[in-house]
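Below, chains carry the letters A, B, ... as their sequence lines are ordered, and counting in each starts from 1. Below, all heavy atoms of this structure are taken into account, side chains as well, without hydrogens, waters or symmetry copies.
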Protein chains: 2
Amino acid sequence: MARAGLSTERLVRAGAELADEAGFDQVTVSALARRFDVKVASLYSHVKSSQDLRTGIALLALEEMADRGDAALAGRAGKDALAALANVYRDYAGEHPGRYAAARLRLDPETAAASAGGRHARMTRAVLRGYDLTEPESTHAVRLLGSVFHGYVDLELAGGFSHSEPDSRQSWARIIDALDALLRNWPAA
Amino acid sequence: MARAGLSTERLVRAGAELADEAGFDQVTVSALARRFDVKVASLYSHVKSSQDLRTGIALLALEEMADRGDAALAGRAGKDALAALANVYRDYAGEHPGRYAAARLRLDPETAAASAGGRHARMTRAVLRGYDLTEPESTHAVRLLGSVFHGYVDLELAGGFSHSEPDSRQSWARIIDALDALLRNWPAA
DNA sequence: GCCATTTGCCTAAAGGATTTAGGTATGGTC
DNA sequence: GACCATACCTAAATCCTTTAGGCAAATGGC
């Protein structure tokens, strides 16, 4: 019988595709086995557990978003950089909703430390370099930006802004305007 | 044999407690049956499905948060109201992490329409009455506030801000300051 | 208080997911 | 061509979901 050529890498990648197509909660070892036309137990040589598979997808998504972020920030500064980074998250979530949902998975501390999470924090800090903030206000601003990006994308993905005026794209643009204005006029502590 | 006195109401409530104690993804019809010391199938007279149970918990959480929001906003305006509403969400999530996670569940459109979701939008609009915004900017601001509240609480719950300086409470306070400043100086379109 | 009806909880059973243990066959290497 | 590692298999235990059908307890009319 011919072999399917499985590997952790391929399983995680296929899991990510499945997540985007059917939703992250449909990502299951069984479904993946069906997709490869292979018996379920066979996957357990490549993946420790169902949770391990999902974690792999989360790490992949974080990695991919960080790559996009680096590319988007190259050569940009100020509001231009802010908008570019913001759009990385929104676009990625739009194109890969399952992966994006995976990235929101709660990782245990050591996995999180080994993830691309740090790159994301660094990217946001890079954006803030175009504004005039000093510690600890800069960290507060990092957290604000992270909250807005994540919160907006999440609400939009959940359908919160659909089918109601004004268009979500307009709100997004105006929110970026607003954040830019806020960062340029950050209130005194 | 004595009856356990189950009802949809009690099941949802117990499910909410279970969610807070063990995590929303641990909320299962089986676990709930164990908690009531009753056979699993018995619950299906009160609850249509596992998903139905989870939806019930989500609706309960939305309801409870809206109640707290109404109470918090009574007699407040401006930044005072802004901070009060913001804290409703953060405090609720801190006290009831499982319920809060449930509230993030994606509801189908008609369930969402019948939920307390509308009350939440109205509360945020009420806060904005203390600032000088007109449509469509007001809607953009509603979406911004929703994003920040949800995004921050979610990241904090996921452990994003723990064990790192400055304290999350300080960031939260400064973010509210910043939002207040932003709403008072909303950039021109 | 008695009977009928409703309803609450039961047993039984089927289906699907997870996970482990141990077996067979395949592909590369000497 | 034999050997070895390993890719994939069968088998089996455990758990969760869900439906079907049954018995017993509560409820209400008389």
Side-chain angles (χ1 to χ4, degrees), chain A residues 1-60 98-99 101-102 104-108 111, chain B residues 1-60 98-99 101-102 104-108 111:
Chain A
M1 199 176 290
R3 298 196 178 184
L6 304 182
S7 73
T8 304
E9 170 85 14
R10 284 194 66 194
L11 288 179
V12 168
R13 208 159 283 281
E17 285 163 25
L18 178 58
D20 287 336
E21 291 164 21
F24 185 56
D25 49 348
Q26 297 302 308
V27 174
T28 172
V29 181
S30 294
L32 220 49
R34 273 191 296 270
R35 184 167 274 232
F36 280 101
D37 199 33
V38 135
K39 296 295 167 181
V40 191
S42 305
L43 301 203
Y44 282 84
S45 324
H46 305 283
V47 150
K48 274 206 296 296
S49 68
S50 189
Q51 186 57 36
D52 187 52
L53 169 66
R54 280 188 274 264
T55 300
I57 298 172
L59 295 177
L60 173 66
R99 282 155 147 101
R104 307 264 40 98
L105 195 66
R106 189 169 185 153
L107 303 173
D108 62 285
T111 307
Chain B
M1 199 174 289
R3 298 196 179 186
L6 304 182
S7 72
T8 304
E9 170 85 15
R10 283 194 66 195
L11 287 180
V12 169
R13 208 160 283 283
E17 285 164 25
L18 178 58
D20 287 336
E21 291 164 21
F24 185 55
D25 49 348
Q26 298 302 307
V27 174
T28 172
V29 181
S30 293
L32 219 48
R34 272 190 296 270
R35 185 166 274 230
F36 280 102
D37 201 30
V38 134
K39 296 296 169 182
V40 191
S42 305
L43 301 204
Y44 282 83
S45 324
H46 305 283
V47 151
K48 272 204 299 296
S49 68
S50 189
Q51 186 55 37
D52 187 53
L53 169 65
R54 280 188 274 263
T55 300
I57 298 172
L59 294 177
L60 173 66
R99 283 156 146 99
R104 306 265 42 95
L105 195 66
R106 188 169 186 155
L107 304 174
D108 63 286
T111 308

Near DNA chain C, under 4.0 Å by heavy atom, which residues of residues 17-28 of chain A?
Thr28(A)
Which residues pass the side-chain contact (heavy atoms from CB on, under 4.5 Å) test with Ala33(A), not counting sequence neighbours?
Val40(A), Leu43(A)
When rounded to whole Å, the CG to C1' distance for the pair Leu32(A) and dG16(C) reads 16 Å
Would you please name every residue forming a side-chain hydrogen bond (donor to acceptor under 3.5 Å, both in side chains) with Thr111(B), sequence neighbours left out?
Asp108(B)
Among all residues two or more places apart in sequence or in another chain, which pass the side-chain hydrogen bond (donor to acceptor under 3.5 Å, both in side chains) test with Gln26(A)?
none
Less than 3.5 Å apart, which donor and acceptor atoms pair up between the side chains of residues 47-59 of chain B and the rest of the protein, not counting sequence neighbours?
| from | atom 1 | to | atom 2 | distance (Å) |
| --- | --- | --- | --- | --- |
| Ser49(B) | OG | Gln51(B) | N | 3.4 |
| Ser49(B) | OG | Asp52(B) | N | 3.1 |
| Ser50(B) | OG | Arg54(B) | NH2 | 3.0 |
| Asp52(B) | OD2 | Lys48(B) | N | 3.1 |
| Arg54(B) | NH1 | Val27(B) | O | 3.1 |
| Thr55(B) | OG1 | Gln51(B) | O | 2.9 |

Can you name the side-chain contact (heavy atoms from CB on, under 4.5 Å) partners of Arg106(A), sequence neighbours left out?
none
At a heavy-atom distance below 4.0 Å, what parts of residues 46-59 of chain A sit against DNA chain C?
Ser49(A), Ser50(A)
Hits for side-chain contact (heavy atoms from CB on, under 4.5 Å) against Asp25(B), two or more places apart or cross-chain, chain-then-number order -> none
I'd like to check the side-chain hydrogen bond (donor to acceptor under 3.5 Å, both in side chains) partners of Arg35(B); sequence neighbours left out, ordered by chain and number.
Glu21(B)
Can you check the Phe36(B) CZ to dC9(C) P distance for me, whole Å?
10 Å
Report the distance from atom CG of Asp37(A) to atom C1' of dC9(D), rounded to the nearest whole Å.
13 Å
Find every protein N or O atom lying less than 3.5 Å from an N or O atom of nucleotides 11-13 of chain C, and list the pairs.
none

Asp37(B): side-chain contact (heavy atoms from CB on, under 4.5 Å) partners, not counting sequence neighbours:
none
Length of the CG-P vector between Leu43(B) and dC16(D), whole Å:
12 Å
Within this structure, what is the OH-to-P distance between Tyr44(A) and dT19(C), rounded to whole angstrom?
4 Å
So, OP1 or OP2 of dG16(C): does either fall under 4.0 Å of a side-chain N or O from Arg34(A)?
no
Would you say Ser45(B) places a side-chain N or O within less than 4.0 Å of OP1 or OP2 belonging to dT7(C)?
no
Hey, what do you get for NE2 (His46(B)) to CG (Leu11(B)), rounding to the nearest 0.5 Å?
6.0 Å
Taking the side chain as every heavy atom from C-beta outward, state whether Phe24(B) and Arg104(B) have any pair of such atoms under 4.5 Å apart.
no
Side-chain polar contacts of residues 13-20 of chain A - donor-acceptor pairs under 3.5 angstrom, sequence neighbours left out - could you list them?
| from | atom 1 | to | atom 2 | distance (Å) |
| --- | --- | --- | --- | --- |
| Arg13(A) | NE | Glu9(A) | OE2 | 3.4 |
| Arg13(A) | NH2 | Glu9(A) | OE2 | 3.1 |
| Asp20(A) | OD1 | Gly98(A) | N | 2.9 |
| Asp20(A) | OD1 | Arg99(A) | N | 2.9 |
| Asp20(A) | OD2 | His96(A) | ND1 | 2.8 |
| Asp20(A) | OD2 | Arg99(A) | NH1 | 2.7 |

